[in-house]
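Side chains are part of it too, since the values below use all heavy atoms of this structure and drop only hydrogens, waters and symmetry mates.
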Amino acid sequence: MKDRERKETRVLQVNVQRKGVAMDVMWKTVHEEGVNVLVVSEPNKKRVRGTEWMTDERQDVAVRVCGWHQKGERFGKGERFVWVKLKEWVLYGCYISPNIDIGRYSKFLDDLGESVNTWEGEVVVAGDFNAKSPLWGSPIVNDPRGRLVEDWMAERCMICHNCGNAPTFLRGDQKSHIDLTLSTEGVARRMKEWRVPEQENLSDHQDIVWVLGKTGECARGEDRMKDMGWRVAEDKMERLAEVMKERVKTMDERKDLVCETKRVLEETCDRVLKKKGCMGKRKGVYWWTNEIAEKRRECLRKRREWTRCQKKRGNMEVIAEKGKEYKQKKKELQIMINRSKEKAWKKVCEEVDRNVWGEGYKIVTKWMGRGMKGIACGENVMEEARKLFPEHEPLEWKDLVVDRRVPAFTLAELQEAAGRLRKGKAPGPDKIPPEVCKIYARECEKECLEMMNRCLENGLVPKEWKVARLVMIEKERKEGEKVKYRPICLLNGMGKLYEGMLAARLRNDVRRLGDLAEIQYGFRAGRSTIDAMMDAREYARGANVGTWGTRRFCVMVTVDVRNAFNTVSWRGILDRLVSMGVEPYLVNVVRSYLSERVVQTEMGEFEMTAGVPQGSVLGPLLWNIFYDEVLRMEVPDGVKLIGYADDLAVIAIGKNEEDLRERTEEALRLVGAWMRDNGLSLAPDKSEAVLLVGRRTTRKMNVCMEGRMIETREAARYLGVEFQRNLRVAEQVERAVRKAKVVVGALGRLLPNVGGPRASKRRVLCSVVHGMLLYGAEAWIDGYRIQKYRQMLLGAQRNMLLRVCCAYRTVSGEALCVLAGVPPLDLLAEERLREWKRRKDEREREATSPPSVACKRKAREELMRVWSERWRQTEKAAWTRRLIPNLPEWIDRGHGEVNHYTSQVLTGHGSFGAYLKRIGKIECAACLYCEEGVEEDVEHAIFECKRWARVREECEEKLGKRVNVNNMIEMMVENEEGWKEIDRMLVKIMKDKCEQERERERERRDMRRE
């Protein structure tokens, strides 16, 4: 049984010596090795904050479980050790300093042993013991710590897995074996691999990688990599292309080109790429580049030269020179990594403005632990799959007679389809990554195009491309609800490439025949959920339901189709293609695409007889073609249908409640009859209805659907937005603010004012909150225009911006927006509305190109103009406005980040006597270092106080100009050097003042005690 408990576990064990850059390199190793459990000694304390790391009391050791199949059930900690209970065994991570005496070392082993003895099952103890013994390869025989560890192991019948020829600590000519992996006998039998990779990790301690096989598996020497796919590496792309060109020459054109192509791609991957571990594909670190990889290899070469020279006992000057070269390369690697991280984060920050659900959101959701969903596995797979893929009668279809030559695919069509293949996606049953398929289409275009054209000319889709590997992702559910799954079909990359070319042909042919219904907004370029929501809202408003005196009523019913994509009839799809007049050769290929499809699961495979594969390229278009008929049907006057994929909204307008009910039920009857005729069924229990009656009060109304009564509610959710009874937005605003506050609360624990991520990283985290507050804002823009709701939304934004700016909670929202460089939320919503209107105008003019860069720039210029005007007129944040009168200049500076200390200076809210007196913390605001009666406000402390005159003079000497309240910001935004010098001055002053304030607070506490 291949369930979660029976997967192998890959563990990385390392001591990073508190270095943040070493932990950065560690994540690259996690990606390369497919690691799912981490044991880190002496971790960087800032990097192990949060709920995902389990640390000891002193934060000397940290453990993290990354793999979805090997989750920790519970954990505990002691002094210098931490343990986590996994499915079948217990993992201990530990670290003992070399500076403690033998008595404390013995006590540590006693405490560790007492904890280990509480477990009856298998145990692994991994960490830096700082002990030496020949038992694990150390040349030193008489070491008191080593003897203690030997006795401790013997008492518990534990085995040491260290190989004597692999030192775990290297510093110059010093070598030792002090990082140990100990286990009970049961774990030792499952240990498949224990090794010390020879690679640079920017720590004196070497990485240790070990692998545990599944229960009962003695896997040493067993090859389990045959069924694994390949791990893609960016630095291997050029080599892949070279080898692929060589292998293509061995293809036999007389044989099946599909099989020959698969063979070539597999042989290429085997020669260039590494096999995946049992973890499967893992996303690499965002900042890794080919240049860093080359610098790392160069650093490793220099280390080898140094160690070889030491072994040969050569000239001491040469040895010293080699050591100096290695240390220089190591320093250069550290600098390159830091610069690459800064550059990559800047790119992520820039992308946030364009796509709030992009890389920034993914990084944050992964950090918060919200990104991983449960996956169905084991014996439940087949049972759940059969429920989701019902059996239909086998499709019998006579081939159409093609009376003309089939137009061959062109090179442009091939490259366009290849460009749409998305990197990083899971491969299909052949395990060939999509990146490899893209390279094949680019480098071997002649062979690839010939294969595609043969398939098109024969009117078929090869069987290899109709096999899908099924993965079922657990859906979100409320407490007490039954678990439900969303099926995803993973298809072969070359098959997706062929589908992409077919979809483009079919889409163009459908457009030639009149295109799909205008009210279908799903799976169509240039259309989105916003268009569907706006259409629904505008139709309801157009009925004049929101004014006094009107006698018309409006109701919206959100119709749910049960398991729509998996039960759609193949016969219905083909009949619709023929009735539309689609080219016969395309109908033939679609018929082949739909027939003889196979779904593979862990527990076996079965034949698919209906539905469109979720995860395919052609499937969404086929669904739209099939569903187009229901959107075009004749419905009663005053009724409008709006579709987004399978989500259908029925909006009806009537003179009175009885008229409204009749029209709505007639439309629902027609929709239900069409569904039954085409093998689908409605789900009344999941459908919702809401009366859109404006300000009038009215009783609830029942609507009949499929013999079941649906009672109207105060609000109904359509495409993630609440449509309220009176077309107001209170429900949507409250829901958005409530969700945002939950996320802000979670992020707040990870973003302390002092320490933690820099402002640029915090801004990325802010995008998560913005995404929740701005989703569908175009459809409920009134929420930003009404004072009450605007304050609620801006308040949620302000809570997040406090963390971005590391500012005091008394700072106004206007000042926080300026310091963070983030426009107020209502202005961002208005900008989105203007952008949507432009897209709508272009679509009405049949323009298909995306919004131009010039238009986006113009929209942002308009936002900046309104924001600047509001900033000049605001009565709040007087001190910040005095320092930063020119808003665009501050926003577009391109360098410098605000931290906890500079935010105090820029806002005036901080460790200043005038501010502390205003909030009631002190009674006297006089400066302690200047003449009596001088009030210590921010201007006095930074620019006038004698206490920090020397700090100001040092800064002014380097800048060659006197710093005052009128030119400080100008000098900071002028260039990066000016920012750094002034920032250094402000941080020195404010750190001293904060310490001064802490001293005052201690004195006040002592006085209260007395």
Side-chain donor/acceptor of Arg803 to backbone N/O of Asn799, under 3.5 Å
no
Looking only at heavy atoms, the pair that brings Asn624 and Phe523 closest together is ND2-CB, 3.5 Å
message = If we ignore hydrogens and angles and just use 3.5 Å, is the side chain of Arg469 paired with the main-chain N or O of Cys489 as donor and acceptor?
response = no
Glu722 side chain reached by Arg735 side chain, heavy atoms, under 4.5 Å: yes
Note: Leu631 and Ala517 closest approach over all heavy atoms is CB-CB, 4.1 Å
Do Arg785 and Tyr789 meet the cation-pi criteria used here (NZ or CZ under 6.0 Å from the six-membered ring centre, within 45° of the axis)?
-> no
* Salt bridge or not for Asp685 and Arg562, using N-O below 4.0 Å? -> yes
query = Where the side chain of Gln797 meets the backbone of Leu825, is there a donor-acceptor pair that is under 3.5 Å apart?
reply = yes
| task | Determine whether Ser681 and Met675 make a side-chain contact, defined as any pair of heavy atoms from C-beta on separated by less than 4.5 Å. | result | no
Salt bridge (Lys or Arg N to Asp or Glu O under 4.0 Å) between Arg422 and Glu435: does it pass, once the steps are laid out? CA-CA 8 Å; Arg422 298 177 62 182; Glu435 292 87 346; over 6 Å; no
Note to self: Any salt bridge linking Glu831 with Arg834? Criterion: basic side-chain nitrogen under 4.0 Å from a carboxylate oxygen.
What the structure shows: no
Using a 3.5 Å distance criterion without hydrogens, assess whether the side chain of Arg663 forms a donor-acceptor pair with backbone atoms of Ile653. yes
Could you give me the CA-CA distance, side-chain angles and deciding distance for Thr529 and Tyr521, then say whether side-chain contact (heavy atoms from CB on, under 4.5 Å) is met?
CA-CA 7 Å; Thr529 55; Tyr521 295 99; over 6 Å; no
Of Ile710, Val635, Val650, the one forming a side chain to side chain contact (heavy atoms under 4.5 Å, CB included) with Leu668 is Val650
With the side chain counted from C-beta on, respond yes when Ile651 and Val555 share a heavy-atom pair under 4.5 Å apart, and no when they do not.
no
- Query: Would you call Glu499-Lys496 a salt bridge at under 4.0 Å N-O?
  - Reply: no
* Asked: Under 3.5 Å, is there a donor-acceptor pair between the side chain of Arg527 and the main chain of Ile519?
  -> no
Rounding to 0.5 Å, atoms CZ (Arg738) and CE (Met792) come to a distance of 9.0 Å
Check your understanding: Is it true that atom CG of Asp637 has more than 12 heavy atoms of other residues, nucleotides or ligands lying nearer than 6.0 Å?
Key -> no
Notebook entry, point to check: Taking it one step at a time, do Val804 and Val822 satisfy side-chain contact (heavy atoms from CB on, under 4.5 Å)?
Noted result: CA-CA 10 Å; Val804 175; Val822 177; 5.7 Å; no
The ring pair (Phe, Tyr, Trp, His ring centres under 6.0 Å) partners of Phe723 (sequence neighbours excluded) come to none
Exercise. With the side chain counted from C-beta on, respond yes when Tyr539 and Cys554 share a heavy-atom pair under 4.5 Å apart, and no when they do not.
Key: no
**OP:** Show your reasoning for whether side-chain contact (heavy atoms from CB on, under 4.5 Å) applies to Leu577 and Leu506.
**Re:** CA-CA 10 Å; Leu577 289 172; Leu506 184 57; 4.1 Å; yes
| query | Distance-only, no hydrogens or angles: does the Gln520 side chain make a donor-acceptor pair with backbone N or O of Gly522 under 3.5 Å? | reply | yes
Sequence neighbours excluded, the answer for side-chain contact (heavy atoms from CB on, under 4.5 Å) partners of Arg505 is Pro407, Phe409, Glu413, Leu456, Tyr585, Leu586
Check: Salt bridge check: are Arg860 and Glu835 linked by an N-O gap of less than 4.0 Å?
Finding: no
In terms of heavy-atom contacts, Ala740 and Val769 come closest through CB-CG1, 3.9 Å
| message | Do Phe626 and Val612 have side chains that approach each other closer than 4.5 Å (heavy atoms only, starting at C-beta)? | response | no
Minimal heavy-atom distance between Cys766 and Leu801, with the atoms involved, is SG-CD2, 4.0 Å
To the nearest 0.5 Å, atom CZ of Arg713 lies from atom CD of Glu711 at 9.0 Å
message: Pair Asp515, Arg524 - check salt bridge (Lys or Arg N to Asp or Glu O under 4.0 Å), show working.
response: CA-CA 11 Å; Asp515 211 348; Arg524 300 182 71 182; 3.4 Å; yes
- request: Considering only NZ, NE, NH1 and NH2 on the basic side and carboxylate oxygens on the acidic side, decide whether Glu688 and Arg717 come within less than 4.0 Å.
  value: no
Taking every heavy atom of Ala610 against every heavy atom of Trp570, the minimum-distance pair comes out as C-NE1, 3.4 Å
Glu861 meets the salt bridge (Lys or Arg N to Asp or Glu O under 4.0 Å) criterion, sequence neighbours left out, with none
Donor-acceptor pair, distance only, cut-off 3.5 Å: does the side chain of Asp646 make one with the backbone of Ala564? no
Value for CG (Asp826) from CD (Gln787), rounded to nearest 0.5 Å, stands at 9.5 Å
* To do: Kindly indicate whether the side chain of Leu648, heavy atoms from C-beta on, has any atom under 4.5 Å from the side chain of Val671.
  => yes
Query raised in the report: Between Asp535 and Lys640, does at least one N-O distance fall below 4.0 Å, as a salt bridge requires?
Result: yes
Q | From CA spacing to verdict: salt bridge (Lys or Arg N to Asp or Glu O under 4.0 Å), Asp782, Arg537 | A | CA-CA 12 Å; Asp782 290 344; Arg537 186 170 291 274; 5.9 Å; no
Rounded to the nearest 0.5 Å, the CZ atom of Arg832 sits from the CG atom of Leu774 at a distance of 4.5 Å
Note to self: Side chains of Leu682 and Ser687, heavy atoms from C-beta outward: is any pair under 4.5 Å?
What the structure shows: no
I'd like to know if the side chain of Trp780 reaches the main chain of Tyr775, judged simply by a donor and an acceptor atom lying under 3.5 Å from each other, with no hydrogens or angles considered. yes
Return the orientation label for the Tyr627 and Trp623 ring planes: parallel under 30°, perpendicular over 60°, tilted otherwise. parallel
Worksheet item: Hey, does Lys438 have a side-chain heavy atom less than 4.5 Å from the side chain of Lys423?
Response: yes
Exercise. Return yes if some donor-acceptor pair links the side-chain N/O of Glu714 with the main-chain N/O of Gln724 below 3.5 Å, else return no.
Key: no
CE of Met705 to CG of Asp560, rounded to nearest 0.5 Å, is 9.0 Å
In short, Pro620 meets Ser616 closest at the heavy-atom pair CD-O, 3.5 Å
*Test Val690 against Thr712 for side-chain contact (heavy atoms from CB on, under 4.5 Å), laying out the working first.*
CA-CA 5 Å; Val690 59; Thr712 57; 5.7 Å; no
To the nearest 0.5 Å, atom CG of Leu516 lies from atom CD of Glu629 at 12.5 Å
Problem - Check: Asp531 side chain, Ser528 main-chain N or O, donor-acceptor pair, under 3.5 Å - result: yes
